[in-house]
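What follows is one structure encoded as structure tokens, with my remarks underneath.
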Amino acid sequence: IATRTSTSCTRVMSGSRTVTVNALPTAYTVSGGGAYCSGGTGVAVTLSDSQTGVRYQLRRNGSNVGSLVNGTNNAIS
């Protein structure tokens, strides 16, 4: 039986399906940021490490800020 979680609708399925579950990325320490003057260039925000194959997005108050950054197996800024 398949269930659509957003509506709780269910349907009987036939046949088979392969489901792949990818591991969650590791949680790293975010540092930097802070106050800056209006109109200023801002302040650096860094991540203590990153994973290759994972893309990182900075968010402020639930909204994306800046571009996606690819993980490098090193710290990113």
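Just so it is clear, the model here is predicted, and its values are computed rather than measured.
- With S50 contributing its side chain and G71 its backbone, the two residues share no donor-acceptor pair below 3.5 Å.
- If you chain together ILVMFWY residues whose side-chain heavy atoms come under 4.5 Å of each other, V19 ends up grouped with V21.
- Residues meeting the side-chain contact (heavy atoms from CB on, under 4.5 Å) test with T46, sequence neighbours left out: S31, S77.
- Shown here are the side-chain hydrogen bond (donor to acceptor under 3.5 Å, both in side chains) partners of R59, two or more places apart in sequence or in another chain: N64.
- To the nearest 0.5 Å, atom CD of residue Q57 and atom CG of residue L68 are 4.5 Å apart.
- Under a 4.5 Å side-chain heavy-atom criterion applied to ILVMFWY residues, the cluster that includes V30 comprises Y28, V45, L47, V54, Y56, L58, V65, V69, I76 as well.
- With sequence neighbours excluded, the residues that form a side-chain contact (heavy atoms from CB on, under 4.5 Å) with T3 are I1, T10.
- A distance-only check finds no donor-acceptor pair linking the side chain of Q51 to the backbone of N74 [under 3.5 Å].
- Annotation for V43: hydrophobic cluster partners, listed by chain and number, are Y36 (ILVMFWY side-chain heavy atoms under 4.5 Å, direct or chained).
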